[in-house]
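Down below is the structure, laid out as structure tokens.
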There are 2 protein chains.
Amino acid sequence: MNSVLVVDDDPHIVRALAITLKGQGYTVTTAMDGESALHAAAQRPVNVVILDLGLPDIDGTTVITRLREWSAVPILVLSARHGSGDKVEALDAGADDYITKPFGLDELLARLRAILRRSTESSDETTTIETSSFTVDLAKRQITKSGQDVRMTPTEWNILDILVRNPDKLITQQQLLTEVWGPAYAKEANYLRVYMAQLRRKLEVEPGTPRHFITEPGMGYRFVP
Amino acid sequence: MNSVLVVDDDPHIVRALAITLKGQGYTVTTAMDGESALHAAAQRPVNVVILDLGLPDIDGTTVITRLREWSAVPILVLSARHGSGDKVEALDAGADDYITKPFGLDELLARLRAILRRSTESSDETTTIETSSFTVDLAKRQITKSGQDVRMTPTEWNILDILVRNPDKLITQQQLLTEVWGPAYAKEANYLRVYMAQLRRKLEVEPGTPRHFITEPGMGYRFVP
DNA sequence: CCAAATCTTGACGCGCTCTTAACGTTCCCC
DNA sequence: GGGGAACGTTAAGAGCGCGTCAAGATTTGG
């Protein structure tokens, strides 16, 4: 199920979009201004953001820029302005598409499908990752270790999810912290140490000498199947 | 360098687009109808296709569908028709964006940049550098030497990163020092000597007579693959 | 409203990395 | 051939980052 964050200061538009999108099977969260939009995006990751440029608090382009500092989520911009300058500015700031009001709902939905199609095809569809000591089913959110199911807390799962989706790749501490706790926690490396210890205790055969969750001192962590 | 395939039956538009795109640094190939467009796309892979819907031989949506049977290349559609039905049809067939004529050139270029940004960030952009004795994977932050992984400290990695991203190019000591340690350390050439020795000990076959990390006396260092 | 689970926060010891200095070597210029 | 500058090498102390544990705060679930 795809999740959408709708950002607009006009309650009517928000409501209309939310109803339409839910009717299409999307999960919808909403925000009325830039600050709460950024907060919402950090709080719960979404598959796509629909963003109105004319927000009461922050300039729309600034919202895009600040979102792009830590997230690669696709952004579809709505705007009442037809000027090409605004379009260029928003697109170059990191937006993926731009529709001018008034727009047709069917066009919006089609562009949404186009964006989501591309963003989901690039992410791997392999849902199960196996190692010598445990198995992770990303779709079912299920972990098995020597026949036994292993329970994970939400935070534990978030970390595991990121690491396992990027096998052999070094994930920096900043990446993990911003993706799991939000950009404000980018320096709280303590949290990582605590939770990496938890993950190892639950998944590694020998938590003291980890074989799958490798620490790269000073840099971050790496998952090796 | 990014390559673009421009497909339109109007010679003026093709010519104008080709000139503009080449001016922006793109490599441009052109086609005047659907069949030759499909042929050209198969002949030489491109990074993005700009496709006019009103072609003389095949319907534009059909071109998209047939292209999508084997290629995931991003498609930007141009069309004179403003009807939302056409847009939905083209986007659902597999197009990534849709602009109606007449369009602003700066908007077209901005949308092109947006499409390319997304497509290049998902596909790994030649992130591996190979030499006769070791391999560096910049995305994974992984170094392999004769089958064995080589660990690097943060400082070591920073230096290696800069050198490897600029093959054959001379990097001055000041550049390295300011980028790794900060501008205040621009005169601490000692640090460089210590860390270059570390890099060579870890990566060179014969650290005494380096073949990849060359010292340019009085100037700086050079990485030669 | 209570209990359990989960998250946050702080403290401590250990190992590794960075820094720094001293010494040996090479190369170039006089 | 001699002197000096730049570079390479090595080693040791200081400091930081990591793993670990535990207790308080917060949220969740019944």
Side-chain angles (χ1 to χ4, degrees), chain A residues 42-44 141 143 149-161 163 170-182 184-223, chain B residues 141 143 149-161 163 170-174 176-182 184-223:
Chain A
Q43 203 74 13
R44 194 145 61 96
R141 295 212 163 196
I143 301 145
D149 279 8
V150 183
R151 271 196 32 74
M152 286 286 165
T153 71
T155 310
E156 284 166 9
W157 176 263
N158 278 337
I159 297 172
L160 182 67
D161 187 63
L163 288 172
L170 181 117
I171 312 292
T172 64
Q173 304 181 1
Q174 282 208 358
Q175 271 179 277
L176 283 170
L177 288 165
T178 53
E179 295 228 15
V180 176
W181 281 274
Y185 292 74
K187 302 226 167 150
E188 299 284 351
N190 250 331
Y191 295 5
L192 276 185
R193 290 199 274 279
V194 172
Y195 277 93
M196 288 308 298
Q198 302 252 19
L199 281 183
R200 284 169 175 154
R201 201 173 320 138
K202 289 188 176 179
L203 296 179
E204 293 278 3
V205 180
E206 220 174 331
T209 57
R211 302 192 146 237
H212 299 108
F213 298 100
I214 308 298
T215 303
E216 301 279 355
M219 317 202 16
Y221 295 89
R222 186 196 304 276
F223 167 72
Chain B
R141 294 214 178 189
I143 301 146
D149 280 7
V150 183
R151 276 206 60 266
M152 288 285 165
T153 71
T155 311
E156 285 165 9
W157 176 264
N158 278 336
I159 297 172
L160 182 67
D161 187 62
L163 288 172
L170 173 81
I171 312 291
T172 66
Q173 303 182 0
Q174 282 209 358
L176 283 170
L177 287 165
T178 52
E179 293 228 19
V180 176
W181 281 275
Y185 292 73
K187 302 222 168 154
E188 300 283 351
N190 245 331
Y191 294 5
L192 275 186
R193 288 199 273 280
V194 172
Y195 276 95
M196 288 308 298
Q198 302 251 20
L199 281 183
R200 285 169 176 154
R201 197 173 326 133
K202 288 188 177 180
L203 295 179
E204 293 277 4
V205 180
E206 221 173 332
T209 57
R211 301 192 146 236
H212 299 108
F213 298 101
I214 309 298
T215 303
E216 302 279 354
M219 313 270 300
Y221 295 89
R222 185 195 305 274
F223 166 72

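All values derive from a computational prediction rather than experimental measurement. To find a chain, count down the sequence lines: A is the first, B the second, and so on, and within it residues start at 1.
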Practice task
Nearest 0.5 Å please: distance from the CE atom of M219(A) over to the CG atom of N158(B).
Solution key: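 Answer rounded to 0.5 Å: 7.5 Å.
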Please list, chain by chain and in numerical order, all residues satisfying side-chain contact (heavy atoms from CB on, under 4.5 Å) with [X], sequence neighbours excluded.
{"X": "Q174(A)", "answer": "T172(A)"}
{"X": "A186(A)", "answer": "T178(A)"}
{"X": "D161(A)", "answer": "L138(A), W157(A), R165(A)"}
{"X": "E188(B)", "answer": "Y185(B), Y191(B)"}

Handout entry: Non-neighbouring partners of F223(A) that pass ring-ring contact (aromatic ring centres under 6.0 Å, His included), sequence neighbours left out
Key = F213(A)
Problem - ring-ring contact (aromatic ring centres under 6.0 Å, His included) involving Y195(A) - partner list, sequence neighbours excluded - result: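 Residues passing ring-ring contact (aromatic ring centres under 6.0 Å, His included) with Y195(A): W181(A).
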Practice task
State whether W181(A) places a side-chain N or O below 4.0 Å from either non-bridging phosphate oxygen (OP1 or OP2) of dT8(C).
Solution key: yes
Handout entry: Letter per nucleotide, 5' to 3', of nucleotides 3-22 of chain D [B base touched, S only sugar-phosphate touched, - untouched; heavy atoms, 4.0 Å]
Key = ---SBBBB------SBBBB-
Practice task
List the protein contact pattern of nucleotides 24-30 of chain D with one symbol per nucleotide (5' to 3'): B for base contact, S for sugar-phosphate-only contact, - for none; contact means a heavy-atom distance under 4.0 Å.
Solution key: -------
Handout entry: side-chain hydrogen bond (donor to acceptor under 3.5 Å, both in side chains) partners of D149(B), counting only residues at least two apart
Key = Q142(B)
Problem - Within residues 194-206 of chain B or reaching into it, pairs that qualify as salt bridge (Lys or Arg N to Asp or Glu O under 4.0 Å) - sequence neighbours excluded - result: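 Only E156(B)-K202(B) qualify under salt bridge (Lys or Arg N to Asp or Glu O under 4.0 Å).
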Practice task
Within residues 153-161 of chain A, find the residues that approach DNA chain C with a heavy atom at under 4.0 Å, and present them sorted by residue number.
Solution key: T153(A), P154(A), T155(A)
Handout entry: Spacing between E188(B) atom CD and dC18(C) atom P, to the nearest angstrom
Key =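 The answer, rounded to whole Å, is 15 Å.
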Problem - With E216(A) via salt bridge (charged side-chain N to carboxylate O under 4.0 Å, His left out) - residues at least two apart - result: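 E216(A) satisfies salt bridge (charged side-chain N to carboxylate O under 4.0 Å, His left out) with R222(A), R151(B) only.
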